[in-house]
Number of protein chains: 2
Amino acid sequence: MGQGQPDTRSRIQGAATALFRRNGYSGTGLKRIATEADAPFGSIYHFFPGGKQQLAEETIRTSGGEYGRMVLALLESVADPVESVTHAFEAAAHDIAANDYADACPIATVALEVASTNEVLRVATADVFEEWVGAGEQWFGRWVTDPNSARSLACSMIMMLEGAFVLSRASRDPEPLRVAGRSMAELLRASLERPVGD
Amino acid sequence: MGQGQPDTRSRIQGAATALFRRNGYSGTGLKRIATEADAPFGSIYHFFPGGKQQLAEETIRTSGGEYGRMVLALLESVADPVESVTHAFEAAAHDIAANDYADACPIATVALEVASTNEVLRVATADVFEEWVGAGEQWFGRWVTDPNSARSLACSMIMMLEGAFVLSRASRDPEPLRVAGRSMAELLRASLERPVGD
DNA sequence: GTCTATATATCGATAGAC
DNA sequence: GTCTATCGATATATAGAC
């Protein structure tokens, strides 16, 4: 099954991922997902008997995992850590302008929507964020010996990225992502110059 | 009219602000707003003939302005800038835990929801963010002489705050806000020690 | 200005023919 | 496993009595 059109279940997942990412959870209807996936409406409940919530939980965990691996691969593509961080934010700035400020973080919009209203989906988003922070902590740990500093840098990088996505999408301007990249590079530089926290 | 219960229009605005903040734009129905405001449904269209969009635009601009002034007042309540930033994020960490991770940024959820779907509301959120960055730029400008640095610090502080809100709400943990505060304090310290960018 | 009733559309979800 | 018809609930929005 490696070559042809993806199967129905995959197309539904893909359409749901794209729509939740751009329009959020409440803003995305199952009918629209079926249409974009070119699948009959009933197939959604055939493959996802838990309905909208099950579909959303799967897309959060799947697309969250993929996005985390993509960012990590981007970071690992440059040897010097400070240059790597700068390059990653620069790539994000370029990408968000190229996709017309539509496709940024795959789960942030849903995360804010469901934080106070849907415990199952809230936990799914929290798990993804924790996965990202853990991966970033390991990556920074290659250069920053203090474990607390490595985790703080990872957490800050993800927060800076999420905040920059909010401002960039709202203003239709890649500049916030560039500012975020310079700030993160400076934070990392400071950590490298001062190995143990003062 | 300074003493008694707020008038109907104000109650509708207040209920809309709280609901949009917690549950987002698509997740909030006008019926629910009328109920929480203890106002008849028809009054919404009496005071906001433009319907849901007009009501949302007013709440974005009004609550966005108030929130910005609140944060600025918080920053100005402490003389030393580094201590002030630390104190502000610490206050945010305390507040978000106290309100059960429901009330964070009044416009971020809506901003992400409407960025690709509603141009009127997108512009409203962009205007508010720009207002915040401008105010922060002026505040940082009291200690950081380079204008570019002052604006970068302001933009970074808002991005860090927004990103920390996403992670704190999702994980129901105030720690991301504390990490954000320490990182921002460090960024500011670096700017103060090195007055002109390298 | 206040409030109710209703119109029209769409929501998530289900049933059942094929 | 595919697809359509439809359910009941809810959405935004409007009309009109009071």
Side-chain angles (χ1 to χ4, degrees), chain A residues 1 4-60 109-110 113-114 116-122 124, chain B residues 1 4-60 109-110 113-114 116-122 124:
Chain A
M1 195 156 295
Q5 189 193 30
D7 59 22
T8 302
R9 197 197 143 96
S10 300
R11 292 202 312 278
I12 291 171
Q13 264 245 21
T17 297
L19 287 167
F20 286 146
R21 185 181 200 169
R22 286 178 203 170
N23 307 333
Y25 183 70
S26 303
T28 300
L30 294 183
K31 296 238 170 83
R32 174 94 190 273
I33 292 174
T35 302
E36 304 262 322
D38 199 24
F41 180 75
S43 293
I44 293 180
Y45 283 91
H46 174 73
F47 292 111
F48 304 90
K52 192 181 191 180
Q53 178 178 294
Q54 183 191 343
L55 177 56
E57 186 183 2
E58 273 208 34
T59 62
I60 288 166
T109 309
V110 177
E113 281 183 282
V114 303
S116 301
T117 56
N118 187 315
E119 190 64 5
V120 169
L121 298 184
R122 179 195 69 77
Chain B
M1 195 155 291
Q5 188 192 28
D7 60 22
T8 302
R9 198 197 142 95
S10 301
R11 292 202 311 277
I12 291 171
Q13 263 243 25
T17 297
L19 287 167
F20 288 146
R21 183 180 201 170
R22 286 178 202 170
N23 307 331
Y25 183 70
S26 303
T28 300
L30 294 182
K31 293 236 172 81
R32 175 92 190 273
I33 292 175
T35 301
E36 304 263 321
D38 200 22
F41 180 76
S43 292
I44 293 181
Y45 282 90
H46 174 75
F47 292 109
F48 305 89
K52 191 181 190 180
Q53 178 178 293
Q54 183 190 344
L55 177 56
E57 186 183 3
E58 274 209 32
T59 62
I60 289 166
T109 309
V110 177
E113 281 182 284
V114 304
S116 301
T117 57
N118 187 316
E119 190 65 5
V120 170
L121 297 184
R122 179 194 72 76

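Quick note on labels: first sequence line is chain A, next is B, and so on, each numbered from 1. Every heavy atom of this structure was used, including side-chain atoms; hydrogens, water molecules and symmetry mates were not. Because the structure is a prediction, the values reported are computed rather than measured.
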### Query
Is the closest basic N to carboxylate O distance between Glu113(B) and Arg22(A) below 4.0 Å?
no

### Message
Just the rounded figure in Å: distance from P of dA9(D) to CG of Leu30(B).
### Response
21 Å

### Query
Under 3.5 Å, is there a donor-acceptor pair between the side chain of Thr17(A) and the main chain of Gln13(A)?
yes

### Message
If I take atom CD in residue Gln54(A) and atom C1' in nucleotide dG12(C), what distance separates them, rounded to the nearest angstrom?
### Response
14 Å

### Query
Under 4.0 Å: is that the gap between some side-chain N or O of Thr8(A) and OP1 or OP2 of dT2(D)?
yes

### Task
Could you tell me whether Lys52(B) sits above the aromatic face of Tyr25(B), with NZ or CZ closer than 6.0 angstrom to the six-membered ring centre and within 45 degrees of the axis?
yes

### Task
Please work out if Thr28(A) contacts a base, only the sugar-phosphate, or nothing of the nucleic acid, heavy-atom cut-off 4.0 Å.
sugar-phosphate

### Interface with DNA chain C, restricted to residues 32-50 of chain A and to heavy atoms under 4.0 Å
Phe41(A), Tyr45(A)

### Summary
Shortest non-hydrogen pair, Ile33(A) vs Ala15(A), comes out as O-CB, 3.8 Å

### Message
Is it the case that the side chain of Thr28(A) and the backbone of Asn23(A) share a donor-acceptor pair, with hydrogens and angles ignored and the cut-off at 3.5 Å?
### Response
no

#### Entry: Rounded distance [0.5 Å steps], CG in Asp38(B) versus CZ in Arg11(B)
6.0 Å

## Note on the structure
From NZ of Lys52(B) across to C1' of dA13(D) the rounded distance in Å is 12 Å

